[in-house]
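Here's the structure, in structure tokens; my notes come after.
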Amino acid sequence: MGLLTLLAKRFIAGLTVHDAMRAVERLNRNGILATIDHLGENVHSREEATAAADEYIRILDEIDKTGVQSNVSVKLTMMGLEIDSYFCAENVARIVKKAKELNNFVRIDMEGSAVTQVTLDVFERLHAEFDNVGIVIQSYLYRSEADVRRLNDDKINIRLCKGAYKEPREIAYPQKEAVNESYLKLARLILTEGGHVGLATHDDKMIEPLMAFIKERNIPTSSYEWQMLYGIRRARQEQLAAAGETVRVYVPYGSDWVGYFSRRMMERKENFFFAFRHFFKG
Ligand code: FDA
């Protein structure tokens with residue numbers, strides 16, 4: 001195993017679906033829910049995209065068989081979005097249909113701005129047929145307020161995050177403060193006017209004021225959950241769960257981890273030191 005692979009272990013559950021299941025079981029024992037992500041993106045052959053959807057169907061079967069508390073998160077570029085959006089929608093529909101049969105849920109992750117609109121289009125097509133599918137909105141994009149208002153009209157299940165891709169200032173807030181401000185505004189909009197929201201952040205500057213807002217407005221715990229990434233702020237995840245909050249952790253696994261790992265490293269140089277510390281501690 002190379003040095004990078006060892007570093008990545010801090011943020012990735014392992015290489016196989018069984019590694020992911022073991023990680024989910026550990027989280028569940030601490031009262032934490034999960035969403036499983038089979039790592040991969042930018043697939044350019046129909047065979048690979050079909051195989052990727054087949055793997056998700058196996059994950060859903062495995063979740064059902066083991067009884068762990070987890071749904072799944074899917075990236076559309078892994079499902080053939082860059083080949084043909086209709087092919088991609090059909091491919092993902094197989095996963096959503098399987099999840100529906102098993103009483104489970106599929107989250108469509110949001111990727112870079114080149115695919116924002118087409119991701120929303122595919123999502124809307126899936127949502128017209130299935131109610132067990134949700135989407136992600138990134139607070140760094142200027143367009144997101146309009147997207148949230150439209151999605152709120154249909155009470156769509158939204159995961160709200162800040163956004164992890166490098167975007168130009170023409171379409172995304174370049175300053176962290178503006179991204180944070182947008183996050184708080186969009187979160188409050190969904191909490192008061194929308195459907196269920198997954199508040200995906202590790203940032204206490206987001207968590208504390210939103211917690212206060214939720215209390216002040218008497219928003220029921222069934223309307224929202226906190227979401228964090230595997231290996232990041234584990235103590236905070238457990239503390240929130242112990243306080244009676246619903247917490248869901250994003251559990252990525254698989255050999256195609258470079259894109260995911262690089263985004264974690266770009267977000268925060270401390271993540272790099274974390275990974276190192278974990279590596280040296282063993
Ligand atoms: P941010 O990086 O802004 O840091 C703010 C503060 O949070 C820090 O100062 C620190 O206090 C705390 N913090 C952050 N990282 C920490 C760490 N490692 N250790 C300790 N404290 C830390 N993105 C996307 O574009 N599309 C998607 O579909 C998703 N999906 C997704 C799912 C889930 C469950 C999560 C949590 C995140 C995503 N993301 C995502 C990633 C997201 O957009 C964002 O890049 C990261 O969550 C980082 O933003 P934060 O709000 O967590 O903190």
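When a residue number appears, it is its place in the shown sequence, counting from 1. Note that ligands are numbered from 1 as they come in the structure, with each ligand's atoms numbered from 1 the same way. Owing to the predicted nature of the structure, the values given are computational and were not obtained by experimental measurement.
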- Evaluate the side-chain contact (heavy atoms from CB on, under 4.5 Å) criterion for residues Arg143 and Gln117: first the C-alpha distance (whole Å), next the side-chain angles of each, then the deciding distance (0.1 Å), finally the verdict. CA-CA 10 Å; Arg143 62 172 288 163; Gln117 188 55 52; 2.6 Å; yes
- Query: Can you check whether Ala164 has an N/O within less than 3.5 Å of an N/O in ligand 1?
  - Reply: yes
- Item | Tyr165: numbered ligand 1 atoms lying under 4.0 Å from its heavy atoms | 25 (O)
- What are the atoms of ligand 1, with element, lying closer than 4.0 Å to any heavy atom of Asp109? 28 (O)
- Message: With rounding to the nearest 0.5 angstrom, report the CG to CZ distance, Asp37 to Arg107.
- Response: 13.0 Å
- Short side-chain donor-acceptor distance under 3.5 Å, Glu167 and Ser113: yes
- Query: Does even one non-hydrogen atom of Asp204 get within less than 4.0 Å of ligand 1?
  - Reply: no
- Message: Quick check: Arg159 and ligand 1, any N/O pair under 3.5 Å apart?
- Response: yes
- Closest contact, heavy atoms only, Thr246 versus Thr221: OG1-O, 4.4 Å
- Message: Between Val197 and Glu225, is there a side-chain heavy-atom distance shorter than 4.5 Å?
- Response: no
- Show the numbers, then the answer: is there a salt bridge (Lys or Arg N to Asp or Glu O under 4.0 Å) between Glu181 and Arg188? CA-CA 11 Å; Glu181 209 175 292; Arg188 289 177 182 131; over 6 Å; no
- Can an N or O of Cys161 be found at a distance shorter than 3.5 Å from an N or O of ligand 1? no
- contact_flag Arg263 ligand 1 heavy-atom lt 4.0 Å: no
- Contact partition for Gln227 relative to ligand 1, non-hydrogen atoms under 4.0 Å: both
- Within 45 degrees of the axis of the six-membered ring of Phe130 and under 6.0 Å from its centre: does Arg125 put its NZ or CZ there? no
- Query: Thr201 heavy atoms, cut-off 4.0 Å: which ligand 1 atoms fall inside?
  - Reply: 50 (P), 51 (O), 52 (O)
- Item | Part of Leu229 with heavy atoms under 4.0 Å of ligand 1, whether side chain, backbone, both or neither | both
- Using the side-chain contact (heavy atoms from CB on, under 4.5 Å) rule, take Lys162 and Asp203 through it: C-alpha gap first, then chi angles, then the decisive distance, then the call. CA-CA 10 Å; Lys162 291 185 187 175; Asp203 190 353; 2.7 Å; yes
- Query: Hey, which atoms in ligand 1 end up nearer than 4.0 Å to a heavy atom of Gly163?
  - Reply: 25 (O), 42 (C), 43 (O), 45 (O)
- Task: Examine Tyr250 against ligand 1 and note whether any of their N/O atoms are separated by less than 3.5 Å.
- Result: no
- Task: Would you mind running through ligand 1 and noting each atom that sits below 4.0 Å from a heavy atom of His202?
- Result: 7 (O), 12 (C), 13 (N), 14 (C), 36 (C), 47 (O), 50 (P), 51 (O), 52 (O)
- Message: Counting only heavy atoms closer than 4.0 Å, does ligand 1 sit against the backbone of Lys176, its side chain, both, or neither?
- Response: side chain
- Note on the structure: Closest non-hydrogen contact found for Ala13 with Tyr253 is CB-CB, 4.5 Å
- Query: Which ligand 1 atoms are under 4.0 Å away from a heavy-atom of Gln138?
  - Reply: 24 (C), 25 (O), 26 (N)
- Taking both backbone and side-chain atoms of Met110, is any N or O found less than 3.5 Å from an N or O belonging to ligand 1? yes
- Taking the six-membered ring where the residue is Trp, are the ring centres of Tyr142 and Tyr173 under 6.0 Å apart? yes
- Message: Does Val249 form a side-chain contact (heavy atoms from CB on, under 4.5 Å) with Leu229? I'd like the steps, not just the answer.
- Response: CA-CA 5 Å; Val249 166; Leu229 299 175; over 6 Å; no
- Can you check whether Lys162 has an N/O within less than 3.5 Å of an N/O in ligand 1? yes
